[in-house]
Structures are given as C-alpha cells and as structure tokens.
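Single-structure report; data block below.
Given the structure is predicted, the values throughout are model-derived calculations rather than measurements.
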Amino acid sequence: FISKPSSAKRIVWDMLSISVMTYDLVTIPLQLLDIPDSPPIYVVSLVATIFWSLDILLSFFSGYHAGGLIEMRPKQVALRYARTWFPIDIVVVAVDWAVFIVDSNAMESLGMIRLNKTLRMVRLLRVLRMLRLLRMLKVMSVVAELHDMIHSEVVLTSVNIVSFILSILLLSHYIACSWYGIGHSQVSPDGDPRDSWVARLQLTTSMELGSPPSVAYYYATALHWSLTQFTPASMEVVPCNTVERLFTIGVIVVSVILFSSVLSSITTAMINLRRRSADKRRQISFVRRYITDKHITLALGNRIVGFLRTHNYNVSQHQSLQEEQILAFKILPDSLRTQLRCEIYMPVLISHPLFHTINRTDDAAMVAICANTMSERDLPMGHELFAAGMRATHMHILVSGALTYFQGGSMKMHEEVEIGTFISEAVLWVVWESRGRLVATSSCDLVAASAEAFHKVMASASSRPLCRFYALRYRVAALDTEAQDFDMLTDIGVVDHDMTEMVKAAYAQWSEVSD
C-alpha cells in the first residue's frame with residue numbers, strides 16, 4: 001500500500017498538486033484586492049482545501065528516495081513525513097478549514113459586537129492563509145522530480161524557457177497586488193488624490209467616465225505598472241507618497257537584478273534551440289538544391305523529401321552516451337552501479353537461450369556477468385568492428401543501427417546483421433579468429449562481453465557446468481558446420497543449428513549430473 005515515487009498514480013497526484021498550488025499562488029495575493037466572495041470561488045477554494053487534506057493522508061503512504069534507494073517501509077515513511085512536512089501541512093490545512101467555518105453564512109445571525117470580532121478573526125485567518133505559500137517549497141521538489149523525467153534536451157530547453165516567462169508573470173502578479181494594497185491602504189476618508197495612486201486613478205477615471213473604476217481595472221493598471229518596472233517602458237501611474245516611493249525603489253532594485261538574470265537565461269536557451277535546428281535547416285537547403293541542380297523528377301523528389309521529413313532530417317552521426325563518459329557515476333556505490341548495469345544489459349542478454357536459462361537458474365551469476373563483463377560501444381558509419389583474421393576478444397550484440405557482414409575477404413558475399421544478433425559468440429567457448437569483415441552502414445550502438453572476464457565469472461558460478469556442456473555442443477556444431485562448408489562458419493553464428501535445442505540438451509545433462 002506504499003506508492004513508489006515514480007509510479008503512475010503518484011505522478012498523477014503530483015501533477016494535481018502542481019495545479020492546486022498554481023491556483024493558490026494566483027489567488028492568495030488577490031486577497032489584497034478585497035474581491036467579494038462568490039459561489040465559484042467558494043467551491044474551488046473548498047476543493048483545494050479538501051485536496052490538501054487528502055494529501056496529508058497520502059503523504060504517510062508515499063515512498064521516497066533515500067541515498068540511492070527507494071524507502072518503502074511504512075514506519076520509516078510515516079516517521080519521515082511526521083518529522084518534516086506534517087507539522088506545516090496540518091497547521092495550514094487547519095487555518096483553511098477555520099476560515100471556511102468562521103466565514104460561513106451562519107455568522108450573519110450574530111450580534112454586531114460579536115460580528116465585529118468575527119470579522120477581525122476572519123481577516124486574521126485570511127492573513128494566516130498566506131502560510132499556504134510554504135507548500136511551494138514542497139511542490140518545488142515535486143517539480144524537480146518531474147523535471148528529471150524529461151530526457152529530450154529540446155523539450156527540456158522549451159520547458160525552461162516557459163518556466164522563466166511564467167516566473168516573471170507570477171512575480172509581476174504579486175507586485176501588482178502589493179502595489180494596489182499599498183495604494184488602497186493610503187487612501188484617506190476624503191479621497192484626496194495626493195494621498196495615493198489609487199485615489200488619483202479613482203478621481204481621473206470618475207471624471208472621464210462618470211463612474212469609479214472596477215476592481216478588474218485597478219488590477220490591470222497595477223499589473224501594467226508592475227511589468228513596466230522590468231522594462232524601459234513607462235506609464236501614467238506614479239507613486240504619490242513615501243511608502244509608495246520606497247516600494248517602487250525596492251521593486252526597481254529587484255527587477256534590475258532578477259530580470260537581467262532571467263533575460264540572459266532565456267537568451268542562452270533560445271541560442272541552444274537555434275543551434276540544434278541549424279543542421280536540420282542546412283540539410284533541408286542542401287536537399288532542395290541538389291534535387292534542383294540534378295534535375296530530379298518531381299515524383300522522386302517528393303518521395304525523397306517526404307521520407308526525410310518523416311525522419312526529421314536526422315542525419316547527424318549520433319553517438320549515445322556511455323557509462324564511462326558520465327563522471328558523476330564514479331561516485332555511485334557498487335550496489336547502485338550493479339543495478340544500473342543489470343537494467344541496461346540484462347534485457348539484451350536474455351534474448352539468447354543460454355543467458356535466459358542462466359538468469360532463471362543462477363541469478364547471482366547473471367548479475368555478475370552484467371556487472372563485470374559487459375560494456376558499451378558505439379561505431380560510427382563506415383567504421384569496421386573487426387576484419388578477417390583478427391583475434392577476437394569480445395562478443396558483441398547489435399542494439400541499434402545497421403551493420404553489414406562481408407564473409408572472408410569477399411565484397412560480394414555479404415549479409416545485413418539484424419538488431420539483437422550475437423556477433424562472435426564463439427569467442428566465449430573457443431579460441432576464435434574473425435572469419436570476415438563487419439562494417440557499420442549507419443551509426444551503431446552495441447554492447448560487448450569480454451571473453452576473459454566471462455571466463456573468470458563463470459569459473460566460480462554454480463551454473464558453470466551448464467556453460468561447459470553448452471560449449472561442448474557449440475564446438476561440435478561449429479566443427480560440423482565447417483566440415484559441411486567452410487564458408488558457412490561465420491562470425492554471425494552457427495548455421496543450421498537450433499541454439500534453443502542445444503541449451504535444452506545442456507541443461508538436461510546438467511540436471512542429470514546434479515542429481
């Protein structure tokens with residue numbers, strides 16, 4: 001009943017938390033505008049309060065990351081929440097419920113003295129509702145976790161740009177509400193326009209339109225003034241007293257520091273996006289020019305352009321990141337690094353009947369194989385993996401890309417290597433020299449198993465007899481294939497022999513010996 005941090009239900013709940021937190025961030029400063037309560041506002045606020053109440057209960061059953069591990073023990077999860085966010089959450093939710101109770105329609109039946117005390121209590125509780133902003137710290141950790149789930153650099157850059165823009169708008173919203181609150185508090189009973197910007201705006205608007213401005217107009221004007229503090233623009237609203245003047249100075253100082261930083265971040269992000277699309281635009285131009293210069297027919301040109309558009313003109317020599325390139329992984333403990341390698345290599349290895357059987361009967365050996373014998377390798381287009389006569393030291397498995405195998409020294413006898421093919425498997429069982437030449441016809445990702453490291457791992461594994469019996473059968477099959485036709489024995493595998501049947505026979509022989 002403890003949910004994992006990355007489970008689908010938890011992600012959905014976190015997204016709802018962000019949505020409700022966004023509502024709180026927008027509506028809390030609007031209290032300074034004295035907007036009258038309405039049924040829709042009341043219902044939405046009630047739903048938000050119910051949501052945060054349920055969030056307290058669910059937080060007692062939500063696992064968390066602790067030092068590279070996922071803590072799922074109920075007692076530890078509950079203790080951690082009780083020591084961290086529970087006191088803050090319970091106080092904030094209690095204040096929310098108190099506002100709904102005190103601000104109910106039943107209070108209208110109270111006497112004037114009691115009513116005045118109640119109104120003061122409501123104002124105090126509404127001020128205390130500002131504590132809901134503390135949840136922003138909690139939600140920020142949720143946003144960071146969701147941010148880490150984005151693996152596309154283009155999407156990540158776009159999200160960062162949108163985040164910067166929304167941050168400026170949110171800050172302007174808070175400044176606008178504060179600007180109105182300061183101006184409204186400085187208005188004298190007689191409405192002297194020299195008292196504040198609110199009084200001056202009220203006077204000028206009443207003279208021009210014949211009626212005082214609405215709350216929406218006050219907010220729009222304050223937001224306009226707020227945005228002008230971040231830019232060289234100006235407007236007719238100016239501070240009219242000492243408090244407003246000091247507030248304006250503070251906003252200008254903050255805007256100078258903050259806006260320059262945000263603007264530079266947005267500029268950098270935009271440059272990165274343009275740089276990523278530069279190669280694509282260049283290739284589009286080259287394709288159009290080539291089709292025009294070579295007088296390619298319209299039908300063929302459309303087919304070529306359509307194919308390239310479908311593949312997004314992805315012609316770059318892609319090289320995937322490898323574990324050795326990520327320096328941060330060097331500080332990972334052995335347990336985490338082993339789990340990482342198992343998740344990378346095990347799905348690739350178990351497609352082979354032998355490794356599938358080892359994983360089923362001797363999981364310790366399979367973990368050791370993934371942790372100690374496997375590595376990653378990329379092969380750019382046109383490069384060789386090996387040539388005929390080379391002493392083989394690794395078995396390779398094609399993960400992505402395209403390889404062409406040329407048998408012996410011939411350029412005519414060749415075959416395309418399928419993804420998932422185990423290349424030079426013989427090196428695990430016999431001394432092996434490459435029988436042909438393997439060339440990448442596109443950028444390729446492969447995983448490699450070191451024969452020497454594999455032998456060391458299996459020397460002490462309980463499934464060692466299984467590998468020994470399988471190796472004997474593999475050697476017999478290789479000799480049989482070579483006897484029939486020397487050219488049939490290649491680096492791609494033993495032709496006309498069912499590997500699954502060979503593994504079953506080796507497993508049956510191992511079972512007999514064990515019994």
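- In this pair, Y180 and Y218 present their aromatic rings tilted. The plane angle is within the 30 to 60° band.
- Formation of a donor-acceptor pair under 3.5 Å by the R10 side chain with backbone atoms of G63 is found in this model.
- Heavy-atom contacts from other residues, nucleotides or ligands closer than 6.0 Å to CE of M207 number 12 or fewer.
- When all heavy atoms of L398 and G401 are compared, the pair lying nearest together is CD2-O, 4.0 Å.
- When side chains are defined from C-beta on, T248 does not count as touching R245, because their heavy atoms never get closer than 4.5 Å.
- For Q229 (side chain) and S255 (main-chain N/O), no donor-acceptor pair under 3.5 Å exists by modelled atom type.
- With hydrogens and angles ignored, the 3.5 Å screen pairs no side-chain donor or acceptor of S463 with any backbone N or O of I358.
- Between T268 atom OG1 and F164 atom CZ the span is 8.5 Å, to the nearest 0.5 Å.
- One finds the CG atom of L203 at 9.5 Å from the CD atom of E208 (value rounded to the nearest 0.5 Å).
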- Checking ring pair (Phe, Tyr, Trp, His ring centres under 6.0 Å) for the pair Y217/H224: CA distance, chi angles, key distance, verdict? CA-CA 10 Å; Y217 185 78; H224 184 188; over 10 Å; no
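- Smallest separation of non-hydrogen atoms from S172 and L227: OG-CD2, 3.2 Å.
- Taking 4.5 Å as the limit, some side-chain heavy atom of I369 sits within range of a side-chain heavy atom of F454.
- In this structure, L258 CG and S167 OG are separated by 8.5 Å, a value rounded to the nearest 0.5 Å.
- S226 places no side-chain N or O within 3.5 Å of a backbone atom of A222 that could act as its donor or acceptor partner.
- Among all heavy-atom pairs drawn from P29 and L25, the shortest one is CD-O, 3.2 Å.
- The only option from V95, D89, D96 that meets the side chain to side chain contact (heavy atoms under 4.5 Å, CB included) definition with V92 turns out to be D96.
- Between the CH2 atom in W197 and the CD atom in E236 there is a gap of 10.0 Å [rounded to 0.5 Å].
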- Message: Pair Y81, Y64 - check ring pair (Phe, Tyr, Trp, His ring centres under 6.0 Å), show working.
- Response: CA-CA 10 Å; Y81 177 61; Y64 61 92; over 10 Å; no
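- Between W52 and I56, the closest side-chain pair of non-hydrogen atoms is not below 4.5 Å.
- Minimum interatomic distance between A461 and A365 (heavy atoms only, all atoms of both residues): CB-CB, 3.8 Å.
- Panel note: side chain S19, backbone M15; a donor-acceptor pair is recorded below 3.5 Å.
- When all heavy atoms of M374 and A449 are compared, the pair lying nearest together is SD-CB, 3.5 Å.
- Judged as a ring pair (Phe, Tyr, Trp, His ring centres under 6.0 Å), and not counting sequence neighbours, F230 has no contacts.
- Residues S163 and V159 are in side-chain contact: their nearest non-hydrogen atoms beyond the backbone lie under 4.5 Å apart.
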- Message: Is there a side chain to side chain contact (heavy atoms under 4.5 Å, CB included) between V12 and K9? Walk through the geometry before answering.
- Response: CA-CA 5 Å; V12 171; K9 294 180 179 179; 5.8 Å; no
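- A side-chain donor from one of S45 and Y23 sits under 3.5 Å from a side-chain acceptor of the other.
- Between L403 and A440 the shortest heavy-atom distance is CD2-CA, 3.6 Å.
- Side-chain atoms of H184 do not come within 3.5 Å of backbone N or O of V198 as any donor-acceptor pair.
- Ring pair W179/W225 is parallel by interplanar angle, where below 30° counts as parallel and above 60° as perpendicular.
- For the pair V237/R200, no side-chain contact is recorded, criterion being any heavy-atom separation below 4.5 Å from C-beta on.
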- Task: Could you walk me through whether H173 and L30 pass the side chain to side chain contact (heavy atoms under 4.5 Å, CB included) test, one step at a time?
- Result: CA-CA 9 Å; H173 171 67; L30 291 177; 3.6 Å; yes
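- How far OH of Y345 is from CG of L340: 8.0 Å, rounded to the nearest 0.5 Å.
- Two residues are said to be in side-chain contact when any heavy atoms from C-beta on lie closer than 4.5 Å; Y219 and S214 fail this criterion.
- A donor-acceptor distance shorter than 3.5 angstrom exists from the side chain of T204 to the backbone of L201, with no hydrogens or angles considered.
- At least one side-chain heavy atom of L349 sits less than 4.5 Å from a side-chain heavy atom of I397.
- Using bins of under 30°, 30° to 60° and over 60° for the plane-to-plane angle, the ring pair H352/F422 lands in the perpendicular bin.
- Between the side chain of T338 and the backbone N or O of A371 there is no donor-acceptor pair closer than 3.5 Å.
- Defined by atom type and a distance below 3.5 Å, a donor-acceptor pair is present between the side-chain atoms of S53 and W97.
- Listed for the E376 side chain is no donor-acceptor partner under 3.5 Å among the backbone atoms of D378.
- In terms of modelled atom types and a separation under 3.5 Å, the side chain of H394 and the main chain of H396 share no donor-acceptor contact.
- Taking 4.5 Å as the limit, every side-chain heavy atom of S59 sits out of range of all side-chain heavy atoms of W85.
- Separating the CG atom in L16 from the CG atom in L54 is a distance of 11.0 Å, to the nearest 0.5 Å.
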